[in-house]
There are 2 protein chains.
Amino acid sequence: MIPAEVIEKYNPTKLKLPADTFLFMEGDLPRFYYQIISGQIKMININTDGKEFMQGQFGGGQSFGEPPIFHNAPYPASAKTVGPTVLYKLHRDKFFQLLKEHPDLHLELTSILTKRMMYKAMIMKEMSNHDAQHRILTFIDYLKKEYGTNNEPFLVNLTRQQLSNLLGIRVETVIRTVKQLAENGEVELRGRKIFR
Amino acid sequence: MIPAEVIEKYNPTKLKLPADTFLFMEGDLPRFYYQIISGQIKMININTDGKEFMQGQFGGGQSFGEPPIFHNAPYPASAKTVGPTVLYKLHRDKFFQLLKEHPDLHLELTSILTKRMMYKAMIMKEMSNHDAQHRILTFIDYLKKEYGTNNEPFLVNLTRQQLSNLLGIRVETVIRTVKQLAENGEVELRGRKIFR
DNA sequence: TTCTTAATATGATCCATGTCATAAACTGAT
DNA sequence: ATCAGTTTATGACATGGATCATATTAAGAA
């Protein structure tokens with residue numbers, strides 16, 4: 001999001017992390033702005049019973065975990081690398097300075113944050129709807145609208161396990177519900193891949 | 001949020017609405033920035049079965065419904081007045097101009113948006129936790145931390161119906177669960193009022 | 001005050017999803 | 001090619017919250 005040549009003027013640290021490593025934990029206080037150079041980060045909550053709920057996932061060029069920086073509030077979720085990941089780590093003070101000196105980038109950040117808010121609003125709405133078919137279908141439609149091209153059958157490039165983590169539904173339920181959706185003709189299964 | 005003297009330089013309209021009036025509906029495209037002068041607005045989703053889920057509620061001085069403006073995306077929820085409400089209505093183009101000309105207010109907006117994001121993250125986490133007691137208790141603790149003073153017993157100034165709408169739990173369940181929480185000693189009931 | 005509406009309350013019943021167990025299919029690493 | 005870990009799959013069963021019905025209490029309007 002922040003161009004490399006800009007962020008590097010503010011003396012960020014570069015961080016290299018192996019796969020499946022926690023960068024920070026839910027409850028930690030934020031001190032840095034993070035931006036991914038390569039790799040992926042997921043923000044997750046772990047329930048009391050050890051089940052994972054994914055708040056979001058971010059890849060190359062994307063930043064994450066900004067909201068608590070603005071309030072010195074504890075992180076609402078933990079950040080974990082998905083694969084080997086390299087990222088910029090910029091102290092919050094410098095981050096604020098950067099925003100101040102680059103109004104255009106500040107506006108871009110606002111744009112990104114509002115997009116994530118709309119995503120969260122959608123998920124919350126679906127979660128308040130206790131119908132698994134509806135939840136999964138709406139989510140797939142969101143993905144299609146967001147990442148799909150034209151009217152081609154759209155490949156849902158997520159495992160059932162991931163859908164489970166993203167929607168807060170148990171994986172067995174996802175498996176059975178996807179099967180139902182295929183029987184209804186709402187989605188198409190090619191092998192195990194889900195299309196819509 | 002935006003001081004009256006600033007916003008008025010951008011020629012906003014003033015809108016007076018009676019109670020229980022929809023300002024815009026889920027799915028509508030956004031054209032204006034809204035800021036409440038007096039009264040209250042709630043942002044809600046209505047499920048297929050007519051049940052209401054509240055995304056947020058806003059009062060005097062607060063703005064709402066900004067995220068879609070940044071993307072020309074449909075509102076993820078409807079806005080409805082709670083009581084008689086007066087608000088500023090500013091065209092999006094002028095709103096962006098205002099942000100550009102007032103970096104301090106832009107930063108304040110970012111701060112407000114990130115706070116709401118953290119709220120949503122918390123609710124999502126709780127919603128992925130299928131335990132009613134936990135959900136209600138965590139929510140009350142959030143309110144206490146946010147609005148409570150010191151260590152005084154904190155009055156949860158919401159009806160069980162409102163808790164139901166905010167958490168996506170049926171009102172009967174809220175009633176029964178609050179009763180359980182009182183029996184556990186987790187909350188105190190004075191009459192029907194909930195304290196913690 | 002009276003009327004109307006919303007909130008609270010409680011019991012009975014239902015059912016979709018969670019839970020648990022087990023196994024096969026797949027994937028990636030060594 | 002082999003092994004370990006993950007994903008998908010399926011059945012049996014349990015259960016917490018949803019639903020439905022009904023009644024009481026409280027709050028706000030006329």
Side-chain angles (χ1 to χ4, degrees), chain A residues 18-20 40 42 44 47-54 80-84 126-137 139 155-184 187 189-195, chain B residues 18-20 39-40 42 44 47-54 80-84 126-137 139 155-184 187 189-194:
Chain A
D20 299 312
Q40 285 193 316
K42 59 181 178 180
I44 56 175
N47 296 358
T48 32
D49 50 339
K51 295 271 156 50
E52 176 182 317
F53 175 71
M54 199 191 295
K80 192 178 185 181
T81 59
V82 175
E126 286 309 314
M127 290 179 95
S128 80
N129 239 348
H130 299 261
D131 184 72
Q133 288 202 25
H134 192 271
R135 280 160 79 163
I136 292 175
L137 216 48
F139 187 73
L155 166 64
V156 179
N157 208 7
L158 295 170
T159 66
R160 285 150 181 72
Q161 183 62 59
Q162 287 174 313
L163 287 173
S164 161
N165 295 341
L166 286 161
L167 292 170
I169 307 175
R170 291 286 167 272
V171 67
E172 296 93 330
T173 305
V174 172
I175 289 168
R176 286 186 252 254
T177 306
V178 166
K179 208 174 165 187
Q180 289 166 23
L181 288 171
E183 284 161 7
N184 299 348
V187 302
L189 291 181
R190 299 185 194 163
R192 288 170 157 179
K193 289 292 179 188
I194 306 165
F195 286 82
Chain B
D20 298 312
Q40 285 194 316
K42 59 180 177 181
I44 56 176
N47 296 358
T48 32
D49 50 338
K51 292 270 158 50
E52 176 181 319
F53 175 70
M54 197 191 295
K80 191 179 185 180
T81 58
V82 175
E126 285 309 314
M127 289 179 95
S128 81
N129 241 345
H130 298 262
D131 183 71
Q133 288 201 25
H134 193 271
R135 280 161 79 163
I136 291 175
L137 216 49
F139 188 72
L155 165 64
V156 180
N157 208 8
L158 294 170
T159 66
R160 284 150 182 74
Q161 183 61 60
Q162 287 174 315
L163 287 172
S164 161
N165 295 341
L166 285 161
L167 292 169
I169 308 175
R170 292 286 167 271
V171 66
E172 296 93 329
T173 305
V174 172
I175 290 168
R176 287 186 253 254
T177 307
V178 166
K179 207 173 164 186
Q180 289 166 22
L181 288 171
E183 283 162 7
N184 299 348
V187 302
L189 291 182
R190 300 185 194 164
R192 287 169 157 182
K193 290 292 179 188
I194 306 164

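Below, chain A is the first sequence line, B the second, and so on; all start at residue 1.
Side-chain atoms of A/Arg176 and base atoms of D/dG11 include a donor and an acceptor less than 3.5 Å apart.
For the pair A/Ile194 CD1 and D/dT7 C1', the interatomic distance rounds to 12 Å; values are reported in whole Å. For the pair A/Ile175 CD1 and C/dT19 P, the interatomic distance rounds to 15 Å; values are reported in whole Å. A straight line from CZ of B/Arg192 to P of D/dT25 spans 8 Å, rounded to a whole angstrom. Rounding to whole angstrom units, CD of residue B/Gln180 and P of C/dT8 are separated by 17 Å. Summarising the geometry, the separation between CG on B/Asp131 and P on D/dA18 is reported as 12 Å, rounded to the nearest angstrom. Rounded to an integer number of Å, the gap from A/Ile136 CD1 to C/dA16 P is 15 Å. D/dA14 atom P lies 19 Å from atom CZ of A/Arg170, rounded to whole Å. The distance from atom CG of A/Leu189 to atom C1' of D/dT7 is 15 Å, rounded to the nearest whole Å.
Partner of A/Ile169 under the side-chain contact (heavy atoms from CB on, under 4.5 Å) criterion, out of A/Met127, A/Arg160, A/Glu126, A/Arg135: A/Arg135 alone.
For A/Gln161, the side-chain atoms get nearest to D/dT8 when compared with the rest of D/dG17, D/dT8, D/dT19. Listed nucleotides: D/dG17, C/dG18, C/dA21. Nearest to the side chain of A/Thr173: C/dG18.
Between A/Lys179 and D/dT10 there is a side-chain polar atom (N or O) within less than 4.0 angstrom of OP1 or OP2. Contact annotation: B/Arg160 side-chain N/O to C/dT8 OP1/OP2 distance is under 4.0 Å.
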For A/Asn165 and A/Gln161, run side-chain hydrogen bond (donor to acceptor under 3.5 Å, both in side chains): C-alpha distance rounded to whole Å, both residues' side-chain angles, the deciding distance at 0.1 Å, then the answer. CA-CA 6 Å; A/Asn165 295 341; A/Gln161 183 62 59; 3.3 Å; yes

